[in-house]
Amino acid sequence: PAAAEGMGTSVALAARLAMREGLDALAIALADMPLVPGEHHCALIEAVSGPSDIAVSATGDARMPPAVFGSAHFEVLARLTGDKGARDLLRSGRIVACPPEWLADVDTAEALAAIRRSSDEG
């Protein structure tokens, strides 16, 4: 309901629901990153073995979603606001490396068309 306030509010809502349901971990994936394969999501989940663990996608020095947060982080996530999301927590996560093309951010029709062209060529 507060999406206009930034990504943090969506993450906070997900964390509150995860706490309410008593989940062990919460996966955060962005809809504008359609090239992340299922096996990468599985690797992130497998990298979280306890409540204090965090697993993050990374290419080079850049850490970003998709990411998985153990339940010990739900309270912090539930308080997020603004457009920063869980960026600060990502810095402390276990890296699950992947090729940069998997983490392509598709925010425009042009970006989607370019990805479609490259997949048709490959």
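Computed from a predicted model, the values in this text were never measured in an experiment. This chain uses plain numbering: 1 for the first residue, then up along the sequence. Atom set for the values below is all heavy atoms of this structure, side chains included, hydrogens, waters and symmetry mates excluded.
- Atoms CG and CG, on Asp105 and Leu30 in that order, are 7.5 Å from each other to the nearest 0.5 Å.
- Atom CG of Asp24 has 12 or fewer neighbouring heavy atoms from other residues, nucleotides or ligands inside a 6.0 Å radius.
- One distance of note links CG of Asp32 with CG of Leu112; it measures 11.5 Å at 0.5 Å rounding.
- Of all heavy-atom pairs between Leu23 and Ser71, the closest is O-CB, 3.6 Å.
- Annotation for Phe69 and Phe74: closest pair O-CE2, 3.6 Å, computed over non-hydrogen atoms.
- Cluster annotation: Met19 and Ile54 are assigned to the same hydrophobic cluster (Ile/Leu/Val/Met/Phe/Trp/Tyr, side-chain heavy-atom contacts under 4.5 Å, transitive).
- Both Val56 and Val76 are members of a single hydrophobic cluster when ILVMFWY side chains are connected at heavy-atom separations under 4.5 Å.
- A single hydrophobic cluster is not seen to contain both Leu13 and Val68; linkage of ILVMFWY side chains at heavy-atom distances under 4.5 Å, directly or through other members, places them apart.
- Between Asp53 and Ala47, the shortest heavy-atom distance links the atoms OD2-O, 4.1 Å.
- Closest of all the heavy-atom pairs between Leu103 and Pro65 is CD2-O, 4.0 Å.
- When all heavy atoms of Thr59 and Pro99 are compared, the pair lying nearest together is OG1-C, 4.4 Å.
- Placement of Leu77 and Val48 in two distinct hydrophobic clusters is found when ILVMFWY residues are connected by side-chain heavy-atom separations under 4.5 Å, directly or transitively.
- With contacts defined as side-chain heavy-atom distances shorter than 4.5 Å, the pair Thr9/Leu80 does not qualify.
- Contact record, Val96 with His40: O-CE1, 3.3 Å, taken as the closest heavy-atom pair.
- Each of Leu44 and Met64 belongs to its own hydrophobic cluster when Ile, Leu, Val, Met, Phe, Trp and Tyr are linked at side-chain heavy-atom distances under 4.5 angstrom.
- Counting non-hydrogen atoms of neighbouring residues, nucleotides and ligands closer than 6.0 angstrom, the CD atom of Glu75 reaches no more than 12 such neighbours.
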